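This report concerns only the one structure given below.
What you are looking at is a predicted structure, and each value in this text was computed from that prediction instead of being measured. Computed over heavy atoms, backbone and side chain alike; hydrogens, waters and symmetry mates excluded. Convention: sequence-line order gives letters A, B, ...; per-chain numbering from 1.
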Number of protein chains: 2
Amino acid sequence: MAETRTTRERIRREAAALFRERGFNGTSMAELASAVGVTKSSLYHHFPSKQALLSEIIELTVSRVTPLVRAVAEMDLPVSERLGRAVVLHTVEAIRDQDALACFVEEGRYLAPDFMETHLANRDTYEQLFRRIFEEGIESGDFMEQDGGIAVKAILGMCNSVVRWYRPDGSRSPDEIASQFAHFAVRGAIASRAPAPSERRSPT
Amino acid sequence: MAETRTTRERIRREAAALFRERGFNGTSMAELASAVGVTKSSLYHHFPSKQALLSEIIELTVSRVTPLVRAVAEMDLPVSERLGRAVVLHTVEAIRDQDALACFVEEGRYLAPDFMETHLANRDTYEQLFRRIFEEGIESGDFMEQDGGIAVKAILGMCNSVVRWYRPDGSRSPDEIASQFAHFAVRGAIASRAPAPSERRSPT
DNA sequence: TCCGTAACCGTCCGGCCGTTCGGTTGACTA
DNA sequence: TAGTCAACCGAACGGCCGGACGGTTACGGA
């Protein structure tokens, strides 16, 4: 049916890039049209409205990444390993698909009520995947006692920040960044026998 | 000169709130005026432009918080303690002064070149405070070997995410959230004997 | 009493906004 | 040959945008 292969897809891609770098409300349909190389009218042949365009960009990416994370979350591995892999996966995807992910994270809030409902539902579903890992880890004693909801917000907040500062010409590769995030998240989460909260230099 | 005590201040406050919840480009001067209870014209009596208004909101908060963090950074305490306290401070302020901090973090990118220069300089100065703590910790061996720049982005990304999801009627107080963030950050940073839990990569 | 000044408002403006509508083209089908 | 349809365009739309400008009021000092 939907031949997503030519103009329609290019519109989506350019829109994601523009929405990300100028914001949804900072991007006009005229700018988008000229970036794609068509007229403003043609945009409306492919998408009923600017809102619908943003909504589709977001949904498409969420529905692609969610199953990937779910697969990791359901693997038969220690919780800390699953957490680490989920963080790596999320971060790598956030970098690979930066524009769309940025729309999801930063621009989704501009969706009108009709689209907002679906958007929030999708977001909750996604966060639940991380939350379950966390709560399982806390229950089993592998993770520190802490508020799972906040921990998930913290981790995703950390990961999602890449869309604001990552540059392809930077000194670190996506894999390196993802792995550093994962180490950070896992070390932050696990219950260590070693010193905890605030303390001093490590002697041993 | 600037009698910051009445209307001017109310404009700044309302603007910060509106810019945060609808975005800079999603907020019109008319909306702002009606929220303050004056006419659009009056806004221009106090501020030369919408851009200048945003710029002032941001600068005012940055110049308030930066010295606070600097004081913590320069304390005579173990690095991990300083890191924890800096994170607590940043998080608490980010929650107390949510609107302005959200403008700093999320809306600053819409500043025009003239204002942008100062903005970026201020931001760099602020991040440097955290960065120095981190690099000192890595050098002394208290913190894991890792990219200090990324670690700072990760921590601030985590902290700053509160402006997106914190609600005063939530189940956790600002202090609880801040302290959980701090524990998370410090545990994530310090060097422990526990083996690294993920699949690939470890620096040098 | 007059003047200066800070605070504020009413009115207007050109331009851009998202969106609509009425075409036109060209490839495919019967 | 005629009909269908997706793709696209030009021109226009009402409305709102940030901002400009010229008042008007209240007040305080000389």
Side-chain angles (χ1 to χ4, degrees), chain A residues 1-58 103 107-116 119, chain B residues 1-58 103 107-116 119:
Chain A
M1 325 279 117
E3 265 71 15
T4 48
R5 190 151 274 261
T6 43
T7 307
R8 195 181 154 83
E9 195 171 281
R10 276 182 35 236
I11 292 175
R12 225 190 291 119
R13 225 185 286 277
E14 287 287 350
L18 284 173
F19 289 168
R20 177 191 170 209
E21 87 177 43
R22 308 189 193 191
F24 179 70
N25 286 318
T27 305
S28 75
M29 293 299 267
E31 285 172 326
L32 172 57
S34 113
V36 178
V38 297
T39 61
K40 225 177 6 159
S41 323
S42 301
L43 263 30
Y44 284 89
H45 173 73
H46 297 281
F47 297 91
S49 70
K50 198 185 179 188
Q51 287 271 338
L53 173 53
L54 174 59
S55 176
E56 189 175 309
I57 290 169
I58 294 175
C103 288
E107 310 300 326
R109 66 203 186 103
Y110 299 122
L111 285 170
D114 331 6
F115 299 101
M116 186 61 92
H119 171 61
Chain B
M1 340 254 125
E3 265 73 14
T4 48
R5 189 150 274 263
T6 41
T7 306
R8 196 181 153 83
E9 197 172 278
R10 277 183 32 238
I11 293 174
R12 226 189 291 118
R13 225 185 285 277
E14 287 286 352
L18 284 174
F19 289 168
R20 177 190 169 211
E21 85 177 45
R22 308 188 194 192
F24 178 70
N25 285 318
T27 306
S28 76
M29 293 299 267
E31 284 173 326
L32 173 56
S34 111
V36 177
V38 297
T39 62
K40 217 176 17 154
S41 322
S42 302
L43 263 30
Y44 284 90
H45 174 72
H46 297 280
F47 296 91
S49 71
K50 197 186 178 187
Q51 287 270 339
L53 173 53
L54 173 59
S55 176
E56 189 174 309
I57 290 169
I58 293 175
C103 288
E107 311 300 326
R109 68 202 185 103
Y110 299 122
L111 284 170
D114 331 7
F115 298 102
M116 186 60 91
H119 172 61

(message) Between B/E107 and B/R20, does any NZ, NE, NH1 or NH2 come within less than 4.0 Å of an OD or OE carboxylate oxygen?
(response) no
(message) In whole Å, I'd like the distance from the CG atom of A/N25 to the P atom of D/dG18.
(response) 11 Å
(request) Please report, rounded to the nearest Å, how far the P atom of C/dC17 is from the CG atom of A/L43. (result) 13 Å
(request) Find the distance B/I11:CD1 to C/dC9:C1' and express it as a whole number of Å. (result) 13 Å
(message) If I take atom CZ in residue B/R8 and atom P in nucleotide C/dC8, what distance separates them, rounded to the nearest angstrom?
(response) 12 Å
(message) Strictly below 4.0 Å: does B/S42 bring a side-chain N or O up to OP1 or OP2 of C/dC9?
(response) yes
(request) Could you work out which one of D/dG18, C/dT19, C/dA7 sits closest to the side chain of B/T7? (result) C/dA7
(request) Using a strict 4.0 Å threshold on nitrogen-to-oxygen distance, state whether A/R10 and A/E14 make a salt bridge. (result) no
(request) Grab the OH-P distance between A/Y44 and D/dA11 for me, whole Å please. (result) 19 Å
(request) Just do the side-chain contact (heavy atoms from CB on, under 4.5 Å) check on B/L54 and B/C103 with the steps written out, would you? (result) CA-CA 8 Å; B/L54 173 59; B/C103 288; 4.1 Å; yes
(request) Using atom NZ of B/K50 as one end and atom P of D/dG18 as the other, report the distance to the nearest whole Å. (result) 4 Å
(request) Could you tell me the separation between the CD atom of A/Q51 and the P atom of C/dC17, rounded to a whole number of Å? (result) 16 Å
(message) Below the 4.0 Å mark, does C/dG10 have OP1 or OP2 next to a side-chain nitrogen or oxygen of B/S41?
(response) no
(message) Less than 4.0 angstrom between a side-chain N/O of A/T39 and OP1 or OP2 of D/dC8, yes or no?
(response) no
(message) Is there a side-chain contact between B/H46 and the phosphate of C/dC8, meaning an N or O under 4.0 Å from OP1 or OP2?
(response) yes
(message) From CD of B/E9 over to P of C/dA6, roughly how many Å is that when rounded to an integer?
(response) 19 Å
(message) Distance criterion of 3.5 Å, no angle test: do you see the side chain of B/K40 paired donor-to-acceptor with the base of D/dG19?
(response) yes
(message) Does this structure show an ion pair linking B/E31 with B/K40, if we count only N-O contacts that are shorter than 4.0 Å?
(response) no
(request) Measure from NZ or CZ of B/R22 to the centre of the six-membered ring of A/Y110, then state whether that distance is under 6.0 Å and the direction lies within 45° of the axis. (result) no
(request) Please state whether the phosphate of D/dC8, meaning OP1 or OP2, lies under 4.0 angstrom from any side-chain nitrogen or oxygen of A/H45. (result) no
